[in-house]
Peer 1: 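Before anything else, here's the structure in question.
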Amino acid sequence: MKNVTKILKNAIIVTMDEDFNIYTPGAIAVENDTIKAVGMEDDILAAYQSEEVLDCGGNIVMPGLINAHTHVPMTLLRGLADDLRLDVWLLGYMMPVEREYVTPEFVQLGTKLACAEMIRGGVTCFADMYYFEDDVAEAAAQAGMRAVCGESILKFPTPDAQSYEESLEYTRNFIERWKDHPLIVPAVAPHAPYTCTEDILQKATDLAVEYDVPLHIHLAETQSEVENSRNEHGMPVIPYVKKLKLFDAKVIAAHCVHVDPGEIRTLKSMNAGIAHNPSSNLKLASGIAPIKHMLEVGAKVGIGTDGTASNNDLDMFEEIRLTTFLAKGTSGDPTALPARQTLSMATRMGAQAIHIDHLTGSLEVGKRADLIQISLSPIHNSPAFRHHPDAVYSQVVYAAKATDVSDVMINGKWVMRDHQLTTLDEDQLTLQAQEYAQKIDAFLRKRESSVLSKLIAIGGAMQEESFEVQLKVKLTDPAEMIHRIKESGLDIIRKRHYREYDTYFFFADAEQGRLRYREDHFISERNEITNVRSRLTLIGLKQDRQAQDKVMLSRSRYLAPATQSLRFYKEYFNPTISQEINKDRKRFLVNFKDTEFFINVDIFMEPDLGSFLEIKSRTWSRKDAERKSNLALELLVYLGIDEIDPIASDYIEYLKKLEY
Ligand SMILES: [Zn+2]
């Protein structure tokens with residue numbers, strides 16, 4: 001008889017090994033952190049003895065579940081902003097709040113909260129991607145959980161780094177510190193191809209290869225990501241990263257929703273693991289990954305919950321069930337993804353997908369003792385059929401719930417015994433989480449109350465206290481006016497032709513000002529679009545009017561390059577009314593009496609307001625404005641217009657309403 005640390009007996013041992021062995025009644029012998037023996041109870045008890053023998057009462061003992069893709073500290077952001085599109089959700093809410101609140105303490109607390117939830121739900125291992133990953137690793141190790149911890153690298157500043165060089169340096173130190181830890185596998189996590197540069201992707205790959213650690217990345221999550229990749233790189237996402245030699249590393253590819261059969265073959269042949277996140281993909285309406293096809297070609301597919309801000313829980317039982325139901329439902333084939341195969345994705349194959357199957361994922365001699373007990377006593381688990389060996393998989397996948405998990409062992413240590421967590425204080429964690437929620441609530445309330453602070457939150461807004469003298473006159477014959485400008489003898493410094501697509505956002509509180517999204521399409525002599533520029537301008541409300549309303553002084557308060565789509569800004573700013581104005585503009589920069597003026601000849605396309613002549617000049621002081629107002633009127637006379645009657649023109653009133 002050999003002595004071992006622990007023996008679990010009287011269990012249905014579901015090994016999830018390659019042959020899908022099940023032992024009933026089975027037993028398992030654990031020596032320190034390692035599985036020493038697994039088999040029929042009689043055989044195990046004849047060979048091993050222990051001071052700690054647990055009678056499992058006929059319940060299921062199986063490998064702990066593997067959450068193949070998540071962002072654990074985001075538990076603290078659970079429910080913060082939902083029912084939004086991915087870009088609005090990420091750029092409008094998650095990232096601004098993260099910039100403000102994500103600190104080592106935040107990350108430690110969020111990780112512990114996640115660990116408590118995951119242990120309760122039978123998860124023994126997770127693959128993470130976040131900031132301050134050193135603290136994720138620290139908290140996970142304290143909670144006694146196994147984790148592949150990937151430090152995020154992005155092309156813009158993150159909560160833990162001002163630049164990607166800093167992130168790479170952080171990651172190197174992080175790997176050095178954790179590479180020999182019994183529970184933690186450090187990893188490199190370039191966030192996604194669209195949030196990284198080629199240089200970042202290549203350097204991240206080099207680092208992962210140098211230390212032989214996994215590389216965790218989001219790939220082909222949405223259709224628009226793939227379209228953008230085609231436009232920017234001339235190819236979809238998978239060939240693009242293949243070209244950059246990303247697959248030289250042990251890749252954990254999260255999502256892969258929009259991949260074609262060729263790309264799936266690439267993922268398989270390059271030995272990349274795929275993390276399928278059905279809840280997140282459904283909630284964000286990203287699509288449904290072609291899992292059935294991936295499995296058919298032999299790709300390694302694990303299942304993940306993704307972060308709790310896009311799920312909103314870490315319940316792997318739910319993900320497992322969704323995985324099989326979606327595969328059946330989308331293929332019209334109820335035999336697709338049987339329970340056994342799906343459970344393997346959350347255990348042995350999941351471990352393969354995150355490149356740690358030598359450690360965990362199945363109950364096999366030599367692997368670490370990461371296991372869970374599932375109670376069969378709750379009513380929804382009865383009765384139990386055993387005529388077919390696969391019935392037990394059906395029971396786990398189609399009926400059992402996360403709350404049925406009664407005991408969890410990781411690396412040979414109990415982290416939950418009889419529904420009681422042994423490493424974490426849930427009451428304490430809940431209280432601390434609520435304190436954070438209150439702070440973030442206050443921050444968002446304040447931010448949401450002002451268009452300006454919302455504009456600043458998404459970055460890049462520049463204050464511009466420039467004033468402008470503006471004069472507008474209705475034209476009946478724009479072509480004739482252009483001819484007149486050219487022939488007038490004016491000193492024309494530059495001329496340009498473009499189409500201006502403006503959308504004005506109006507808000508219920510008029511004091512907020514108006515936000516204008518402007519897209520300029522520059523037109524060449526040959527009538528081709530040569531360039532497109534997009535800008536956002538928050539226009540202040542209070543304006544001065546001069547020269548009996550003939551010359552107006554306007555002020556643009558904040559300017560920001562518009563890097564997102566109009567749709568994004570509409571959803572993010574949520575204006576009460578939005579109004580479009582599209583016009584064809586011929587612009588002349590002229591020198592009139594030693595003063596530069598823009599003369600615009602605008603033909604309105606939408607709405608049909610006719611044509612206008614506009615004279616504009618930048619100004620910085622009231623005195624200068626007065627001088628330029630008078631000059632603008634003179635310039636008008638010079639161009640042969642001496643009668644200005646703006647009051648009579650409905651069109652001008654309409655424009656004033658929009659622009660002032
Ligand atoms: Zn993710």
Side-chain angles (χ1 to χ4, degrees), residues 66-82 84-95 97-98 102 107 110-111 114 117-118 123 125-133 136 140 147-154 158-159 167 187-196 201 204 214-226 237 241 246 251-259 272-289 291 301-316 318-319 322-323 350 353-354:
I66 292 173
N67 186 347
H69 175 68
T70 185
H71 312 278
V72 285
M74 292 183 96
T75 41
L76 285 175
L77 305 177
R78 189 196 325 254
L80 171 81
D82 289 320
L84 299 168
R85 245 174 271 276
L86 179 67
D87 53 3
V88 178
W89 174 82
L90 188 68
L91 303 169
Y93 290 87
M94 288 304 138
M95 288 184 167
V97 170
E98 284 175 338
V102 173
V107 162
T111 302
E117 185 183 350
M118 284 193 284
V123 176
C125 175
F126 62 92
D128 193 64
M129 175 199 290
Y130 208 61
Y131 314 107
F132 298 110
E133 204 62 28
V136 173
V148 175
C149 294
E151 166 67 14
S152 295
I153 306 170
L154 289 91
T158 61
S167 292
V188 187
H191 175 265
Y194 63 93
T195 48
C196 291
L201 293 173
L215 182 149
H216 195 167
I217 187 167
H218 295 106
L219 291 181
E221 181 173 0
T222 62
Q223 187 65 51
S224 67
E225 179 191 343
V226 175
V237 179
V241 296
L246 192 87
V251 169
I252 304 168
H255 303 301
C256 299
V257 175
H258 300 278
V259 288
I274 298 162
H276 175 47
N277 304 273
S279 285
S280 173
N281 295 155
L282 288 174
K283 182 161 179 270
L284 296 170
S286 305
I288 298 166
I291 299 305
V301 189
I303 302 174
T305 58
D306 210 348
T308 49
S310 65
N311 185 313
N312 294 358
D313 61 30
L314 298 167
D315 185 344
M316 279 292 291
E318 197 175 277
E319 299 303 318
L322 258 183
T323 296
I354 63 170

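Start at 1 and go down the list; that is how both ligands and their atoms are numbered. Remember, predicted model here, so these are calculated numbers, not experimental data. Numbering starts at 1 and runs along the sequence shown.
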Peer 1: Strictly under 2.8 Å, is the Zn ion (ligand 1) approached by any N, O or S atom of His255?
Peer 2: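 Looking at His255, which is the residue asked about, there is no N, O or S atom under 2.8 Å from the Zn ion (ligand 1).
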Peer 1: Do Thr305 and Asn67 get their side chains close enough for a donor-acceptor pair, meaning under 3.5 Å?
Peer 2: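 Distance-only check passes for Thr305 and Asn67.
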Peer 1: Rounded to the nearest 10°, what angle sits at the Zn ion (ligand 1) between OD1 of Asp306 and NE2 of His71?
Peer 2: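 Here the angle at the metal atom is close to 80°, to 10°.
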Peer 1: Can you confirm whether the side chains of His69 and His71 place a donor and an acceptor under 3.5 Å from each other?
Peer 2: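 Note: His69 and His71 side chains meet the donor-acceptor criterion.
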Peer 1: Please state the angle at the Zn ion (ligand 1) spanned by NE2 of His69 and NE2 of His218: what is it, rounded to 10 degrees?
Peer 2: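 If I round to 10°, I get 90°.
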Peer 1: Okay, side chain of Thr308, backbone of Met74: is any donor-acceptor separation there less than 3.5 Å?
Peer 2: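 Yes; at least one donor-acceptor contact below 3.5 Å.
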Peer 1: Would you say the Zn ion (ligand 1) has Glu221 as a near neighbour, meaning an N/O/S atom of that residue under 2.8 Å away?
Peer 2: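 No - counting backbone and side chain alike, Glu221 has no N, O or S atom under 2.8 Å.
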Peer 1: Do Glu319 and Ser279 have side-chain atoms, one donor and one acceptor, less than 3.5 Å apart?
Peer 2: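 Present: a donor and an acceptor within the cut-off.
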